[in-house]
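These notes are about the structure you will find just below.
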Protein chains: 2
Amino acid sequence: MPAQPARGDLVPSAVLGLLGTRGPLSRAELARQLGVSPATVTQITKALLARDLVVELDQVPSHGGRPARRLGLASTGWGAIGAKVTADHVALVHVALDGSVTGSSVHAFDPDAPHALDALAVLLRDAVESHDGHLLGVGVGIPGAVDSQDSGTVEAPTLGWSEARVGRALRSALGVPVLVENDVNTLAVAERVYGVGRDHGSYLVATIGRGIGCGVVIDGALYRGAYGGAGEIGHLPMSVDGPACACGGQGCLEAYIGQAALERAARERGITDDGIDALRLAADQGSADARALFAEAGAMLGQALAGVVHTLDPEVVVLLGEGITAWQYWEVGFAASFRRHLMPSRRGTPYRIDSWDEDKWALGAAALVLASPFDQTGATGDQGSLVRERLHAGPSA
Amino acid sequence: MPAQPARGDLVPSAVLGLLGTRGPLSRAELARQLGVSPATVTQITKALLARDLVVELDQVPSHGGRPARRLGLASTGWGAIGAKVTADHVALVHVALDGSVTGSSVHAFDPDAPHALDALAVLLRDAVESHDGHLLGVGVGIPGAVDSQDSGTVEAPTLGWSEARVGRALRSALGVPVLVENDVNTLAVAERVYGVGRDHGSYLVATIGRGIGCGVVIDGALYRGAYGGAGEIGHLPMSVDGPACACGGQGCLEAYIGQAALERAARERGITDDGIDALRLAADQGSADARALFAEAGAMLGQALAGVVHTLDPEVVVLLGEGITAWQYWEVGFAASFRRHLMPSRRGTPYRIDSWDEDKWALGAAALVLASPFDQTGATGDQGSLVRERLHAGPSA
DNA sequence: GACGCTTTATTTAGTCGCAAACTATCTGCA
DNA sequence: TGCAGATAGTTTGCGACTAAATAAAGCGTC
């Protein structure tokens with residue numbers, strides 16, 4: 001833990017990143033947001049202005065003092081590519097620095113195939129080559145544990161990957177910085193840059209969908225755990241025995257309210273045999289059974305998240321994931337359960353639902369790259385430094 | 001989040017603290033332990049040597065290179081006072097920088113009394129005045145939530161305290177730095193300096209006793225949560241309904257395996273009416289019922305801690321608390337349950353039992369002060385800076 | 001016992017970012 | 001009109017720490 005971490009030009013990158021993700025800001029605003037002194041911002045921006053990376057825009061009307069002169073990025077051509085890997089496809093998005101999606105695609109993918117990593121590399125190389133503008137890097141979201149964003153060695157049972165050297169393989173194939181991270185954590189990072197992280201330093205991002213996951217952000221930094229496995233709330237033990245879970249345990253949260261569990265329950269209760277979408281449709285059409293099933297799941301989620309809140313005491317909990325589209329039915333059970341299982345002093349802990357669309361996973365992966373200018377903890381490693389270097393070098397390519 | 005936090009002379013304090021808590025070290029060792037460059041250590045130690053705060057000791061035989069010259073503290077007269085406040089007494093210890101106890105005492109205390117804070121201040125003032133050597137500060141451990149170590153405003157239902165301004169009151173009464181912290185967190189900090197924290201950056205300290213608690217240390221820093229309430233695992237919801245808990249909820253972990261719950265179960269099962277010590281005695285004497293009761297508690301603790309491990313992915317879990325004296329009986333249920341509820345990839349997470357004696361709570365509180373030279377996060381606030389200042393000023397008083 | 005290797009400690013030159021003092025420019029109020 | 005107060009931005013000098021080069025002092029080995 002270096003007192004002053006060896007980080008090449010972190011603040012300039014952070015300035016560029018902030019201007020890119022938040023739009024034009026005054027110097028004073030930059031200083032406040034980044035927690036550095038105004039003096040430093042003056043120095044940094046002076047250099048960036050001289051190098052034409054930043055331009056002085058308009059002057060905003062005063063609020064009882066000298067008017068602020070806003071700064072903006074000289075070039076808005078910066079962007080990143082995000083990829084989300086699942087058991088049957090890869091979703092790709094091209095994202096600009098401000099978070100806007102400039103293109104997206106979905107590709108069939110078989111992670112069990114002999115040269116799956118090579119196939120992934122090919123997919124991504126095409127995307128890199130077709131990228132319009134100056135590419136800062138590629139972010140990859142994986143449903144599994146990643147030892148570090150930097151090395152990107154992956155343990156992902158659902159993909160059949162063990163000790164897969166995803167980061168290394170892609171890096172050498174693509175020639176641009178590649179950051180690999182657990183998929184839920186990418187969403188947490190995205191919230192840091194574009195969502196709740198603007199107003200809160202410590203929060204949880206819980207996802208409901210195929211699995212149940214949780215990203216932990218503490219004081220603005222993603223907490224990954226000792227071995228990159230923090231936030232595995234899908235396997236919180238909810239009962240001593242209970243249904244068998246894919247992880248080998250019994251009574252895991254996911255074995256109760258994961259997508260597969262809900263689909264099985266829907267079958268057993270005679271609601272539908274056609275999967276989760278049909279179940280939601282049934283609820284939409286007024287099926288009391290379907291609604292009850294979601295409400296029960298919501299209640300259990302509430303109980304589990306109450307426990308996590310007791311453990312971590314976050315400022316706010318964000319709920320996300322593909323399952324969130326049925327949230328109105330989950331909430332019926334969740335709201336009461338969550339409050340009831342919280343101790344009185346925590347009962348005020350707010351939760352928020354973010355909007356969802358299919359791109360969001362991949363978008364989160366791209367956010368990994370776009371957030372790396374803000375990384376003060378070194379979590380992004382060498383690849384993060386490379387991203388900052390490219391940002392620093394300017395859109396010359 | 002300042003990139004370079006405003007901290008007055010942090011490294012010199014850390015050097016002194018490290019020499020005090022770990023004994024003589026070479027410069028190279030100091031550099032490695034503190035994560036600073038050898039150059040810095042040379043500069044710092046040069047200054048400290050010049051001011052006679054540090055002395056050069058012997059030269060240790062080489063291991064294939066230039067022999068290391070070890071440095072030690074010139075004065076070992078530094079110490080701190082630790083206080084643990086409970087519902088019926090206050091335990092005090094005087095502790096030297098190296099963690100050795102130089103004196104201890106226990107005083108009756110009624111936190112519900114009208115001027116309880118004043119009474120506490122009187123107790124502590126006597127201790128401060130009678131302290132032998134140079135006092136760095138006073139640490140106070142409280143069974144409740146503390147907003148920050150610095151301000152020390154306390155929310156402690158078990159003491160009947162709400163918004164009690166403990167820190168402020170004691171500070172003005174004592175005239176030395178006062179750090180206030182949740183009691184479990186003080187143990188976590190003590191482990192950081194004297195225990196498992198020497199070898200591990202991220203760990204949990206779980207306590208069993210009157211309550212069930214947990215301290216969270218992440219990358220060497222105590223994680224306190226957004227409102228100082230992290231680690232309240234005593235109120236993890238273990239079931240949808242279940243026994244009523246003092247917190248107002250139902251089915252909390254503590255309502256199953258806290259001291260009061262165990263004592264009630266012992267009564268109901270006809271094992272003993274005489275409290276927890278009698279229960280352990282019964283187990284010692286071979287009572288199968290008593291042993292089963294502990295084993296059941298252990299099993300539930302294992303399940304709960306497995307969940308916490310899934311959430312936080314620590315390197316190691318340390319078990320502590322006054323209840324740990326009966327650990328041999330807990331363990332029967334704990335070991336299997338903990339492993340069984342962990343997912344395969346976490347099943348290797350080790351747990352350790354620390355020895356226990358009654359001073360340990362107060363000792364933890366003292367460690368709060370003795371660890372403040374290592375605080376890089378600013379968690380100790382102004383009071384921490386004051387401690388560092390006193391350390392820096394030398395044992396002149 | 002000369003050479004290479006390892007580890008420890010120091011020196012030097014330089015970077016990063018801060019605090020403090022300052023200037024600049026506006027609002028509001030008497 | 002003029003001054004207090006607020007907010008924005010700049011300049012200057014400095015403290016803390018680093019990286020890189022160097023010196024110091026031992027070990028092993030042929």
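Just so it is clear: chains get the letters A, B, ... in the order the sequence lines come, proteins before strands, and each one is counted from 1.
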(Q) In this structure, how many angstroms lie between the P atom of D:dG26 and the CZ atom of B:R69, rounded? (A) 10 Å
Q. How is B:P67 classified with respect to the nucleic acid when contacts are heavy atoms under 4.0 Å: base, sugar-phosphate, or nothing?
A. sugar-phosphate
Q | Side-chain (A:D147) to main-chain (A:T153) donor-acceptor, under 3.5 angstrom | A | yes
Q: Give a yes/no answer on whether the side chain of A:R32 brings an N or O atom under 4.0 Å of OP1 or OP2 in D:dA8.
A: yes
Q. Between A:Q383 and A:V178, is there a donor-acceptor pair closer than 3.5 Å when you use the side chain of the first and the backbone of the second?
A. yes
Q. When you measure from the side chain of A:S26, which nucleotide among C:dA19, D:dG9, C:dT25 comes out closest?
A. D:dG9
Q. Of A:P12 and B:P38, whose closest DNA chain C nucleotide lies nearer the 5' terminus?
A. B:P38
Q: With heavy atoms under 4.0 Å as the rule, sort B:E29 into base, sugar-phosphate or nothing.
A: nothing
Sub-3.5 Å pairs of nitrogen or oxygen atoms, protein against nucleotides 22-24 of chain D:
unit_1, atom_1, unit_2, atom_2, d
D:dA24, O4', B:R66, NH1, 3.4

Q: Under 4.0 Å between any heavy atoms, over every strand shown, what does A:A39 touch: base, sugar-phosphate, or nothing? Just pick one.
A: base
Q) Whole-Å distance between C:dT8 P and B:Q33 CD? A) 13 Å
Q: Mind calculating the distance between CD (B:E56) and C1' (C:dT8) to the nearest angstrom?
A: 12 Å
Q: Ignoring the backbone of A:A68, work out which of C:dT11, D:dA8, C:dC26 is nearest its side chain.
A: D:dA8
Q. Starting at CD of B:Q59 and ending at P of C:dT8, how long is that distance when rounded to a whole Å?
A. 12 Å
Q | Short side-chain N/O contact from A:K46 to OP1 or OP2 of D:dT11, under 4.0 Å | A | yes
(Q) B:H200: which residues meet the ring pair (Phe, Tyr, Trp, His ring centres under 6.0 Å) condition with it, sequence neighbours left out? (A) none
(Q) So, taking the atom named CG in A:L370 and the one named OG1 in A:T21, what distance separates them when rounded to the nearest 0.5 Å? (A) 8.5 Å
Q) Is any side-chain heavy atom of A:H392 less than 4.5 Å from a side-chain heavy atom of A:P12? A) yes
Q.
Taking 4.0 Å as the cut-off, does a side-chain nitrogen or oxygen of B:T42 come that near to OP1 or OP2 on C:dT11?
A. no
Q. Picking from D:dT18, C:dC26, D:dG9, which would you name as closest to the side chain of B:T40?
A. D:dT18
Q) Taking all non-hydrogen atoms of both residues, which atom of A:R198 and which atom of A:V193 are closest, and how far apart? A) NE-O, 3.6 Å
Q.
Measure CG/A:L48 against P/C:dG17 and give the value in whole Å, please.
A. 12 Å
Q: Ignoring the backbone of A:S37, work out which of D:dG9, C:dC26, C:dC18 is nearest its side chain.
A: C:dC18
Q) Do the side chain of B:R171 and the main chain of B:D150 share a donor and acceptor less than 3.5 angstrom apart? A) yes
Q: Would you list the pairs meeting salt bridge (Lys or Arg N to Asp or Glu O under 4.0 Å) in which at least one residue belongs to residues 21-47 of chain B, sequence neighbours left out?
A: B:R27-B:E56, B:E29-B:R32
Q | Interatomic distance where CG belongs to B:L25 and C1' belongs to C:dT8 [whole Å] | A | 14 Å
Q. B:R27 has an atom CZ; how far is it from atom P of D:dT18, in whole Å?
A. 16 Å
Q: May I have the distance from A:L34 (atom CG) to C:dC18 (atom P), rounded to whole angstrom?
A: 10 Å
Q. Distance check: side-chain N/O of B:Q43 vs OP1/OP2 of C:dT11, anything under 4.0 Å?
A. no
